[in-house]
Amino acid sequence: MSGWSLPGMEWAWLAPVLCLGAFVIITLWGRRLPQGGAYVAISATGIGLLLSLFVLRDLLFSHPRSFGFTWFEAAGTRLEIGMILDPLSVLMLGVVGLVALVVQVYSLGYMHGDPRFSWYFAAHSLFAAAMLGLVLADNFLLLYMAWELVGLGSYLLIGFWYERRSAAEAAKKAFITTRIGDVGLLIGILMLFNVTGTFSISRTLEAAAAGDIASGTLTAATLLIFLGAVGKSAQFPLHVWLPDAMEGPTPVSALIHAATMVAAGVYLVARTFPLFQAAPGALEVVALIGLFTTLLAATMALVMTDLKRVLAYSTISQLGFMMLALGSLGYTAAVFHLMTHAFFKALLFLGAGSVLHSTGKMDIREMGGLRRRMPITTITFAIAALALAGLPPLSGFFSKDEVLGAVYQNQGPIIFGLTLLAAFLSALYMARLLFVVFGGKLKPANDHIHESPLVMTLPMMVLGLLALVSGLAAMNWAGPLLGLPAQYQGIGSFLFLHEAEAFHARPALMLSSTAIALLGLFGGWAIYSRGWIRPEAISRRFAPVHRVIENKYYLDDLYGGVTNRVVLAFSNLVALFDRLVINDRGVNGTAGLPVLAGGKLRYHLTGKLYNYGLAMAAGIVLIILAAFLL
Amino acid sequence: MIALEHFLVLGAALFCIGIYGVLARRNAVLILMSIELMLNAVNINLVAFAMYLRPGEFVGQVFAIFVIAVAAAEVGLGLAIVLRLYRNRASVNVDEIDLLKW
Amino acid sequence: MSATLVLFYLLGAACLLGGLGVVASRRVIHCALFLLLSLVSVAGLYLLLSADFLALVQVLIYGGAVTIVLLFALMLTRVTDLTTRLDNPQKPLALVAALALFLILVATVAFTPWGPQAPERVELVALGRSLFSQWAVPFEIASVVLLVALIGALVIARPEEDQ
Amino acid sequence: MNLWLFLPEFLVAGLAFLILGTDLVLPPARKSLLAYGGALGLGGIMAATLTLQGEEARLYGGLFLVDGYALFFKEFFLLLGILILLASVEFVEKNLSHAGEYYGLILFSVLAMMLMTASGELLTAYISLELLSFCLYILASYGLHDPRSNEAGVKFILLGAFSSAILLYGLSLVYGLAGTTEFVAIAGVLGSGEDLGPGLLVGLVLVIAGFGFKVAAVPFHMWAPDVYEGAPLPITAYLSVASKAAAFALLLRLFAVAFMPAMDEWRGIMAGLAAVTMTVGNLVAIPQRNIKRLLAYSSIGQAGYLLVGLAALSPMASSGMVFHLAGFAVTNLAAFVAIIAYYNLSGKEDIPDYAGLAERSPLLATTLAVAFFSLAGLPFFAGFTTKFYLFAAAAREGLLWLVALAMVNSLISLYYYLLVIKQMYMVPPSEPGRLRVPGLLKGILVLLLFGIVIIGIYPAPLLEAIDGATRFLFP
Amino acid sequence: MPVLTAILLLPFLGALVILLVPSARVLAIKVVAAVAASGTLGLSLYVFLSYDHVRGGYQFIETYRWLPGAGISFHLGVDGISVPMVLLTGVIIFAGVFIAWNTALRAKDFFVLLLLLVTGVMGVFISLDLFFLFFFYELAVLPMYLLIGVWGSSSDFGTFIRTKEYGAMKLTIYLVAGSVLVWVGILAVYVAAGLGTFDMVALGRDALTPDLQRLVFPLFLVGFGVLAGLWPFHTWSPDGHVAAPTAVSMLHAGVLMKLGAFGIIRVGIGLLPQGAEAWMPLLMVLGTINVVYGAISALSQRDLKYVVGYSSVSHMGYVLMGFATLNPVGMSGAVLQMFSHGIMTALFFALVGFIYDRAHTRDITMFGGLAKRMGTTAAFFTVAGLTSMGLPGLSGFVAEFLVFVGTFQTYPLFGALGIAGAAITAIYILRLLARVFFGPLDPRWEGLSDPTRIETFASAVLVLVLIFVGLYPAPLMAAINSGIGPLLAGIPGAG
């Protein structure tokens, strides 16, 4: 059987295509399939995940490869579609496949009985396909296409319960807001294409590294691409859509708004990282936006009372963290944090979903003591929360430590201090959630609740395990332990094949980060569990600040005001201009001229015969005079 | 000897008098008379040209004969129509017939 | 000044006077008479132009038939009473137009090179002969014209039998 | 001399006399037989006229011409005569007395038009023109008890005589300068390079003014709307189609043969006249309420287009003129026959009365719509093709600006045509019930519709015939 | 086999046959219309599939004598640009006939006029003689007046009233006004070339001197531009589309507006390449205004159809921008956009028609949650909307992307504005979806239902085309490429 071998990298394209196939099948025949075709989706994702493991194996024992083919040709310009298989994409492939699969299984329970159960899985498959395509793309064209389709998938999933006005509005808001970023992305891509004449990312990166692109153009294009990332990764100022997107079913939030879609922005920056390195000033912008976002979102996460919204702001904050890392040259750190974050944040959302599923409530003030009725949820949620807080040896600890390290190394003390503050805040809000939701006494209204079914808890346990151990991949002994070739030690050396990056154990940094995490957790325990400091008292003391934060810094209101007042008013103005000036004056006016002229001119026929005669005589005289004079 | 121009100027004058009559009168019969003046002016022209310009040719005179014939017929027919008008409206003033206008 | 010239001026003056009378007189009967004067003077001018036959035709048709028909019409339409206004309101404009045209025509006559002038008598016989040979077609047509006018006058002016 | 060459004219005159004679013995109820007989006779004459095909002769020293041009128009006028006779029958029965004379006069007018196209000399042309005018004066006043018809007659004959006097004065000047009245000879003098002074220009202007009256060119057009509105309907149709065509046929020969060498003198005048004519005609048509009056103004506009051809006089332009004339005649006749049919059924002729016609009589509505689209120059119909050809010819002679203006005018005309179509198709009828159009008119309508479409999409045979005819103008 | 003549005659013969069927036999009339439409689709597919894009140039050429004296011949042929247009027309009339299946009022007249319209449209795309191009161009306008005026619908929003008669009149007058310029331009070319022919192939691209080309080109640009919805001559388009009955709106926005664009490319750029070069900056500015202005105007409309109408104005802007690039990528994108927009907007109008037929209003503010009762409509509408937003996987993306690529090569700033226009498109489309289909179902729309099987079938055809072209544009692009190449050969500056 020499012709038969395990599928390798050349089969990677199958993963997105399978999911797309699942989408088509379920859309067309989903209602007639058993279980609404959910198993079609799950098996497609499962096979995809399996495939990504084979691809990973292939990659580990060979070297990165890329594939491309011509999609079509437009008058001499070839539009190629290409796929790259390097550590970054394969890692993302695995993460996306895994989370998608887990969430789909979870959804079997969560979405059970929904009238559009089948459509849910169809949209899910579409999204997974787009996301898998996105991470595989070695080509701006394909990347942009997948990028947009990801947006579509998220639109469909956020707006899944479209009967709710709020869901419909949230879906719209998400799509439009990210679309603003996409405008930048597309412009950036086309600017680069104009210079390089190719959509291939690798070749563009080479050109940028070789200095073939004028620095002004490069910076502009890079920042425009970053705008796309800002939109997708919900960075300030385009972060407003993410909290609203919680209107979608909770597993969707876990998939899209924790693990995959929002990470796409970070992925994009990582993928095009050489551009950012080559473009003067680009990294600074990335870092500043990341830092600002992470602080901004962390404060909001602290005051929100809706469980999912807290998680949403926390996501924004963590994404800001990743951006900050990228801006600080912490490429490995960012990608690593992306991965661990995907696991624990998905888990958090699934936990929140589990809570919601049984209590039917989202307001954390109405919860409390849930640990008594939902032990599995509580434990997994706690693991994830602590991982996020950065408690060793959970996954978040390692990745966050990497980020802090990168910032420490490459940024000034002020930024580093602020980063630490953000880390503290994240520990604090996670502690708040933990203690308010699961700690304390069970409210009587919640007396009836019970643990979610196995189909939901099992995925949570899987993710819990990953949240627990995935951080260890950073350790330099992780590679050898798994029996990988010698050049692979920790994840850093995997991601940076050529200039192997070892895990930097910086004891001081590790200690201080642990201390910060503990401080945050302790603060949370003190405030929300013990009540030593009453949160109400704090908010009363800082009432104006609290009000500002509670109102999301009024940014949503500002944007809403701008779109509703300014944009709509402007559009009304244009429409009015169209009707009154162009149509009524220009069109009807011009058309009215002959009508008017005819209406006046008709009276030259007075009905009096001698007038007619006079006109003839005068006509003759005038013609003769004119003929003589001209 | 009388120059050709004499006749032509006379014709022009008579023609313009006729035109004035057509334009200034309101009685249909008088308008017809003025038209006769114009036709006579034309005839003066025709006959003068015939005599002065191309010896041996007399198209002008022939033409004038036909014009006279037509003019006479025109008067007859015109008067018939005017009479019909008078019978219908009891007036031959052209400024009173303006049912048709605009 | 030759006698013919004097004659021309006399006839011309009568002709124009008659014309002016037609267009300016305040009584329709006078107008008709002025028309007669003018037409007869034109016949005289034809004689000056040695178009004898034409002069005859002119006197017969115009002096006889046309004027009488016109007088009949005037009487039939009872517009002979003195009170009726004969001119219409655009008289001044009519005057301007007629004068302008007159000036143009006079200028035209004056500035046009009319070629060699060699007045010559037209033989009546030749005229008559050509009228029935060379001009047979127009002659035939003219007869149809007269017939049509006759039919038309009959149809239009004849009172209805049934009334 | 070959009297055979006069065959068509003799036959038509004979037919006219026959009808007038038969009228005397026919009981009043049977007068329609005269029309049928006349139409039949004209049909026979059409066939007989064909025997003259290929003949070419200049009789009486060129004052009567037998050539392809005359032949084409003779057939054309005979055909128009047939159609008008047939279209008149019902109308005459219902509205007019003296039917026999009516049909006779129409035949005489056909004779006059035939003579006009055949005349190659000023006097013959003039006398034929007068014959036509006399017939039309009478026919326009044929509504003996209708004050409007009466008024139309008075205005028509007084202004018509006035314009003939002007024309005659112009002709006298031309004669004085050229010393001849024969077209070719005139052209010889004009082309000899001799300085003819201002006399030529004034003469030409007066001639143009005289003909301008006949074709209703602004500012000599003012009789037309009044007379069109006042005259009996079939006569309005006849005026707008036949008499205009005849005047243009004569005008074309006169200018192409006699005045061609002096083209520089009159070309600008023609162009200016064309511009003013089409603009005024189409603008004033917009506010009209009476459909006859509307068509009168639209005909004025059409005359403007035809004058474009005259201003651009070239072999192609003259073909274009005749072509457009033919297309226009068929189209306008179709419109008028439909209007006559509707008038016969309803006694109405105001545009608002056409509301809902599409429901009450699809045939009439379709005919009117098709005719109007054709008049506006929309494709598939005669108007598009003929206009395109005419204007292409004009553009070739450097008159693109005039063509552009003509196109703008077509656009304006489309507006008022659409207003009528809107009445017919979009406004509900004020009276219920379907209208039954008599078979004869139905037949004519279908025939004309067919003609409009054929000229629109397969004009080659007609245009070849026309090219054959106009070739004689440019030997 | 004279395929092109057959394509031209089939709908026409269909119209003739329908004329002979008594008007009471509605089903027979519809069957004839359906057969004619299907045949047209079949033939256009045949032409599309058997067009040899490797060889390129004009194919399926037929020439018949018509008026040799005037230099007019009945000369038919298709190249890579007209082939997609023919296919587009085939697809849309096919869908249109089925969508108009329920026409009750004077169905006979309706289908006769509809098929006549198709004859005109097809004629423009396949004529190689200027006379016939113009002939069919106007023929396509002619039935519109009646179709809109009789079968259309008026808009009445209290302060804003547009009757169907107004819409019909405006549309007709406007389009004919545009054709006046075209006519003058055609005659100018005819005269200035001095070849005595109207044959576009014979005239070639060097018939006029560069100076004359620059002089005449604006006539074609504006003349045809009017039909393409060129700003500021666009207002007929929303008003006309809104007033028209569904199937007519489909054909009109779907195909008729493309006639204008096609005219610019075939006559304007084809005959006067150097004139085009001089005027293209202006077209770029106007095209960009079209895009942005149309999108912004669409944002504030209350009438569903007006949204789609202004969206057409906006999308035709991309076509114009693509032309204005005068480079291969942009031009091919523009041609593809013509196709894509044709299908998309037809679908839009069909869907709006479904809603209007059932709800008897198009006021967006009255709707809400229709997806609950009209799931298929909502799904199709979403597909159309996404196409309009330029979502990958649907044809609009490919086309607009190419236009952007082309524009960035020549006028980067306008390219950026164009992309911003696409973002505004997203706003109005998503607002519309949220308003009309999503949210709680208004109880007064409880009784609504999804379209009938026939209607669903017809619109599904359009959806499939959108997706197919979006995923696999290569066959279409192959044809377009072969058409664009020779076109740009006449322009020295074009890459």
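What you are looking at is a predicted structure, and each value in this text was computed from that prediction instead of being measured.
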So do the side chains of [X] and [Y] get within less than 4.5 Å of each other, counting heavy atoms only?
X        : Y        : result
E:Phe401 : A:Leu186 : yes
A:Phe72  : E:Leu336 : no
E:Phe404 : A:Ile189 : no
A:Phe193 : E:Gln409 : yes
A:Val587 : E:Tyr174 : yes
E:Arg162 : A:Asn583 : yes
E:Phe408 : A:Met191 : yes

cation_pi(A:Arg579, E:Tyr306) dist<6.0 Å, angle<=45: yes
Can you tell which part of [X] gets under 4.5 Å to a heavy atom of chain A, answering side chain, backbone, both or neither?
X        : result
E:Ile427 : both
E:Leu441 : neither
E:Ser300 : both
E:Met331 : neither
E:Arg435 : backbone
E:Trp231 : side chain

What part of [X] is in contact with chain E, defined as an atom under 4.5 angstrom from a non-hydrogen atom: side chain, backbone, both or neither?
X        : value
A:Trp147 : neither
A:Leu79  : side chain
A:Leu190 : both
A:Asp578 : both

Considering only residues two or more places apart or on different chains, which pairs with a residue in residues 143-152 of chain A satisfy salt bridge (charged side-chain N to carboxylate O under 4.0 Å, His left out)? A:Glu148-A:Arg179
Of E:Leu433, E:Leu391, E:Ile429, the residue whose pairing with A:Phe175 passes side chain to side chain contact (heavy atoms under 4.5 Å, CB included): E:Leu391
Without placing hydrogens or testing angles, list every side-chain donor-acceptor pair under 3.5 Å for residues 129-140 of chain A, not counting sequence neighbours.
| from | atom 1 | to | atom 2 | distance (Å) |
| --- | --- | --- | --- | --- |
| A:Asp138 | OD1 | A:Ser202 | N | 3.3 |
| A:Asp138 | OD1 | A:Ser202 | OG | 2.8 |
| A:Asp138 | OD2 | A:Ser202 | OG | 2.8 |
| A:Asn139 | OD1 | A:Leu141 | N | 2.8 |
| A:Asn139 | OD1 | A:Leu142 | N | 2.9 |
| A:Asn139 | ND2 | A:Glu80 | O | 2.7 |

To the nearest 0.5 Å, what is the distance between [atom1] ([X]) and [atom2] ([Y])?
X        : Y        : atom1 : atom2 : value
A:Tyr144 : E:Phe397 : OH    : CZ    : 6.5 Å
A:Lys172 : E:Arg431 : NZ    : CZ    : 5.5 Å
A:Asn572 : E:Gln301 : CG    : CD    : 9.0 Å
E:Thr235 : A:Ile582 : OG1   : CD1   : 7.5 Å

Quick one: list whatever passes ring-ring contact (aromatic ring centres under 6.0 Å, His included) with E:Phe367, sequence neighbours left out. E:Trp445
Can you confirm whether more than 12 heavy atoms, excluding those of E:Lys372, are under 6.0 Å from its NZ atom? no
Look at the side chain of A:Trp71 and the backbone N and O of E:Leu471, then say whether any donor-acceptor pair between them is shorter than 3.5 Å. yes
For A:Leu149 against E:Pro392, the heavy-atom pair lying closest together: CD2-O, 3.3 Å
Quick check for you: among A:Val574, A:Asp182, A:Thr590, which has the greatest number of heavy-atom pairs under 4.5 Å with chain E? A:Val574
Can you say whether the rings of E:Tyr293 and A:Phe577 are parallel (under 30°), tilted (30 to 60°) or perpendicular (over 60°)? perpendicular
Applying a heavy-atom distance below 4.5 Å, give me the residues of residues 475-486 of chain E that approach chain A, sorted by number. E:Met477, E:Asn481, E:Ile484
